[in-house]
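Below is one structure, written out as structure tokens; comments come after it.
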Amino acid sequence: MPERRLNRIGEDEWEIAQEGAMRVPARIFASADLIAGLDDKVLEQAANVAMLPGIVEASYAMPDAHWGYGFPIGGVAAFDPDEGGVISAGGVGFDISCGVRTLLTGIGAGAIAAQRERLADALFQRIPAGVGSHGEISLTPKDMDAMLRGGAAWAVGRGWGEADDLTRTEDYGCVAGACPEFISAKAKERQKGEMGTLGSGNHYLEVQRVAAVFDEDAARVYGLKTGDAVVSIHCGSRGLGHQIGTEALREMALTAASHGIALPDRELACAPIASETGQRYLGAMRAAINCALANRQILTHLARSVFAAILPRAQLRLLYDVSHNTCKEETHTVEGRARALYVHRKGATRALGPGHPALPPDLRAVGQPVLIGGTMGTGSWILRGTAEGTTRAFASACHGAGRSLSRHAARQRWQGRAVIDSLAERGIIVRSRSAKGVAEEAPGAYKDVDAVVAAAHRARLATKVARLEPLICIKG
DNA sequence: ATGTCC
């Protein structure tokens with residue numbers, strides 16, 4: 001049904017007009033080709049989100065959008081607390097604050113070539129990866145609460161990083177309003193041994209080569225040069241975020257009716273921002289954001305220790321760390337009025353344009369680095385936020401390639417061993433304990449990341465700075 | 001995404 005309701009309103013922008021229970025339209029940023037390959041269920045989900053109380057402007061989907069739990073992955077929606085706006089655990093995603101950080105190395109990819117196998121082995125040995133993976137750190141209850149309040153700043157304070165890392169992390173490595181007291185003992189128990197671990201699924205640590213630069217001015221400020229090696233880390237809040245999400249969804253599903261909320265889909269369970277359920281989730285979610293920031297910070301420390309042993313000339317400096325599964329209170333101007341909104345980004349990256357006060361001074365003139373994690377066989381991208389983005393999807397952009405096949409379908413089509421062998425022939429080293437996981441993450445199971453980024457670029461959600469190609473991929 | 005179903 002939604003296909004016929006889809007109106008093209010720009011070269012790379014489509015709209016489902018507001019109708020029926022929709023409070024606002026749904027808008028999708030994508031090329032005609034990406035729209036042709038889009039599952040109808042994504043359009044239905046984007047339209048369903050538009051029915052939620054207090055939604056502002058439109059329900060948005062990014063060019064990498066695909067079917068998710070309730071909300072599409074690649075979905076953006078903002079809610080006004082003064083108009084009955086809601087917070088939804090499914091609108092953030094199970095892996096709260098999943099995100100990407102990219103580190104400069106200061107050395108060329110050529111300098112790594114002779115050590116590639118050793119480097120891959122050492123990273124794989126040092127970085128705990130896979131389902132249920134545990135690290136060397138075990139947090140006491142007191143440590144746990146300090147971590148949940150302090151985020152990456154807590155990790156740096158413990159010696160796992162440098163002060164400069166924090167200036168290059170979204171929110172300077174620590175979000176305010178975290179409430180560890182709203183997190184269950186079970187969630188904390190699951191997390192206590194999982195700090196500094198990668199997890200599974202689409203998470204990875206990659207050594208990459210800057211294959212091409214598209215914006216010389218931004219690349220200079222970001223410190224990117226063609227041929228340079230960089231390191232990117234993609235992971236989130238592990239068992240803690242998952243447990244918080246699971247518990248919140250259950251509570252929101254049980255209490256939605258009592259708040260007078262009619263759900264078009266049970267998976268869109270939500271609670272008014274002002275409600276006790278809503279406030280408890282927000283406090284727990286913010287603590288999970290800090291957990292993910294601390295996790296990526298510890299992984300950074302582990303990566304540095306490996307490089308120090310194998311390639312001591314490399315100096316790993318953080319370019320930027322940005323999350324793509326969050327809900328954040330932000331001020332946006334809508335129809336000429338500045339409003340404090342709760343912006344859900346689920347598989348969508350915040351993309352602040354030039355001059356935004358939340359950016360560190362040395363990046364402010366250029367805009368925020370927007371880190372796009374692609375696939376282990378194709379590539380990843382670094383984009384920059386734009387001035388126009390301020391009025392497009394609440395300053396948001398895509399977050400990756402976006403799945404085109406389900407995990408199940410990918411497992412039917414590929415064998416992990418064969419995927420690893422064919423990538424090795426192309427000079428890409430993959431290390432993973434899970435052949436099944438590699439099959440699910442086969443590059444062919446994703447949309448064309450270059451096409452996704454091209455659509456985001458043309459729509460001015462964020463514009464191209466550099467394309468990265470994988471050299472070494474450590475997978476969960 | 002996830003101790004891939006308490």
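Numbers restart at 1 for each chain; the letters A, B, ... are given by sequence-line order, proteins then strands.
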Exercise for review: Run through A:Trp414, A:Tyr446, A:Tyr204 and flag the one making a side-chain hydrogen bond (donor to acceptor under 3.5 Å, both in side chains) with A:Glu441.
Suggested key: A:Tyr446
Review point. With under 30° as parallel and over 60° as perpendicular, where do the rings of A:Phe394 and A:His332 fit, or are they tilted in between?
Key: perpendicular
Pick base, sugar-phosphate or nothing for [X], based on heavy-atom distances below 4.0 Å to the nucleic acid.
X: A:Gly199; value: sugar-phosphate
X: A:Lys186; value: base
X: A:Gly201; value: sugar-phosphate
X: A:Glu194; value: sugar-phosphate

Check your understanding: For residues A:Arg238 and A:Ser133, is any side-chain donor paired with an opposing acceptor at under 3.5 Å?
Key -> yes
Check your understanding: Would you say the ring centroid of A:His234 lies under 6.0 angstrom from that of A:His324?
Key -> yes
Between [N] atom [atom2] and [X] atom [atom1], what is the distance in whole Å?
X: A:Arg433; N: B:dT4; atom1: CZ; atom2: C1'; result: 18 Å
X: A:Phe94; N: B:dC5; atom1: CZ; atom2: P; result: 11 Å
X: A:His408; N: B:dT2; atom1: NE2; atom2: P; result: 21 Å
X: A:Glu441; N: B:dT2; atom1: CD; atom2: C1'; result: 14 Å
X: A:His203; N: B:dT4; atom1: NE2; atom2: P; result: 16 Å
X: A:Gln243; N: B:dC5; atom1: CD; atom2: C1'; result: 13 Å
X: A:Asp95; N: B:dT4; atom1: CG; atom2: P; result: 15 Å
X: A:Glu247; N: B:dT2; atom1: CD; atom2: P; result: 16 Å

Review point. Under 4.0 Å: is that the gap between some side-chain N or O of A:Ser200 and OP1 or OP2 of B:dT4?
Key: no
Exercise for review: Establish, with yes or no, whether the OP1 or OP2 oxygen of B:dT4 is under 4.0 angstrom from a side-chain nitrogen or oxygen of A:Arg407.
Suggested key: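 Negative; the distance criterion is not met.
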Check your understanding: In terms of side-chain geometry, is the basic nitrogen of A:Asp165 or A:Arg101 positioned less than 4.0 Å from the acidic oxygen of its partner?
Key ->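 Answer for the salt bridge query: no.
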Review point. Mapping A:Lys436 and A:Arg403 onto DNA chain B by nearest heavy atom, which one lands closer to the 5' end?
Key: A:Arg403
